[in-house]
Amino acid sequence: MIHFGNRFLWMLIVVTAMGIAEDCRAWGLKEHILMTRIAAERLIADPATPAAMREWLQSSNRSGSDMAAEKQFFLHQRIGIFPRAVDGLGFWSTMPDQDKGAAGGRQTVEPFGVTESQLHFTDLELLGADAATHTYRDDLSHKPKPSDIPRDFRNERWKHAGMLPFRIEDCYGKMVQAFRVGRLADKDGQYPRDEHAERWAGYLAHYLEDNCQPHHATVDFMSRSYFGKGNPRSPNVHNNVESTLMDDETEDHMALREEFWPLFVAELDRVKDPIETNDPWAATIEVLMKSYDALPLIGRAAMAGYHLGGTPEAPTGHPIDVLDADAFFHFKVKVGEQEMTLLEMKAHQMAWAVKRVERVWRQAWEEGHGEK
Ligand SMILES: [Zn+2]
């Protein structure tokens with residue numbers, strides 16, 4: 001090891017950690033690990049999964065086992081910003097977030113020409129043809145039409161919108177290619193060692209999961225518009241949707257976790273992926289579009305959780321210092337046709353993400369093995 005002295009090393013660690021924490025546009029690492037491992041475990045348990053794929057998943061799902069263990073992990077495990085004691089698919093699914101904070105986080109990812117942090121989301125509003133609609137509105141009137149969205153990442157509108165659909169297409173292709181050439185996992189004498197299906201399955205899972213977090217579909221990715229224009233005391237609601245329940249620094253919210261788990265398990269049984277297309281790019285756009293509809297629920301729940309009055313367009317009062325998690329997660333409003341609490345929405349979107357991962361992995365396996 002090169003001798004930098006302790007102080008430099010600590011600085012490096014702190015700066016790296018800040019890089020990860022800075023652009024917190026992702027389900028927390030703990031959620032990615034959970035969703036990815038559950039997708040693997042469900043496919044392993046499904047008799048319709050090809051036997052060879054089950055075998056590959058079994059060996060790649062190191063540190064995961066079954067739903068009983070996942071429940072304990074969800075209820076009690078602390079993860080934070082480093083995926084301790086996690087290996088295989090669960091580990092690889094955290095890497096896209098780790099990449100953001102690592103030294104490479106400032107380099108561009110090719111062919112996209114943007115940094116890693118720009119690959120996890122798409123601000124749908126920015127893709128609308130009319131620049132006057134490039135902001136978030138609670139009435140969802142600034143959501144673009146699918147036909148407005150150009151399928152060319154060189155198009156000027158993609159420059160700041162975030163390139164999630166292209167990255168999902170890219171990782172899917174890399175996973176298929178790894179299967180084609182039989183690179184299933186890291187092994188001795190295989191270089192580059194970490195160019196394999198296990199890695200790309202983890203990356204792909206990460207982005208597919210991000211796809212189902214409504215905040216990843218909007219310029220208003222912390223629901224700041226609900227706290228009044230330019231309010232410097234506006235909290236990080238993005239974090240509240242993700243880490244507050246799962247992996248909070250200061251409180252476990254155990255009663256809410258106990259309430260969440262059966263909702264999530266029930267959604268895993270109930271949710272059918274409504275996306276018809278198998279085209280990874282087009283499917284990503286559709287998932288963004290649907291997830292976007294939950295944004296008013298999140299914003300209004302945040303107003304309730306921080307004890308604001310008034311309306312979304314004209315909020316009154318100041319946010320309290322610490323989120324009232326009960327008021328936030330139990331806030332209820334219609335999303336589309338269905339009334340749901342924020343907790344139910346979260347369970348639904350996370351279960352849907354698991355289903356998307358199962359489906360797209362399975363499709364990649366089939367395409368990589370010439371079955372499609
Ligand atoms: Zn992410």
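Throughout, numbering of the chain's residues begins at 1 and tracks the sequence. All ligand and atom numbering here is 1-based and tracks the order in the structure.
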- Query: Partners of D130 by salt bridge (charged side-chain N to carboxylate O under 4.0 Å, His left out), sequence neighbours excluded?
  - Reply: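 Per chain and number, D130 pairs via salt bridge (charged side-chain N to carboxylate O under 4.0 Å, His left out) with no residue.
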- Of all N/O/S atoms in D210, which lies nearest to the Zn ion (ligand 1)?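 Among the N, O or S atoms of D210, the one closest to the Zn ion (ligand 1) is OD2.
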- Of all the N, O or S atoms in H120, which one sits nearest to the Zn ion (ligand 1)?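 The atom in question is ND1.
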- Query: Quick one: ring-ring contact (aromatic ring centres under 6.0 Å, His included) pairs with a partner in residues 286-320, sequence neighbours left out?
  - Reply: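 Of all non-adjacent pairs touching residues 286-320, those that pass ring-ring contact (aromatic ring centres under 6.0 Å, His included) are F227-Y306.
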- Message: On a heavy-atom basis, which atom in P280 and which in T284 lie closest, and how many Å separate them?
- Response: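 That would be O-OG1, 2.6 Å.
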- Can the positive tip of R199 be found less than 6.0 Å from the middle of the six-membered ring of Y203, inside 45° of the ring normal?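 Output yes; distance and angle both within limits.
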- Query: Between the Zn ion (ligand 1) and H216, is there an N, O or S atom separated by less than 2.8 Å?
  - Reply: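 Given the 2.8 Å cut-off, H216 does not count as a ligand of the Zn ion (ligand 1).
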- Item | E209 N/O/S atom closer than 2.8 Å to the Zn ion (ligand 1) |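 Looking at E209, which is the residue asked about, there is no N, O or S atom under 2.8 Å from the Zn ion (ligand 1).
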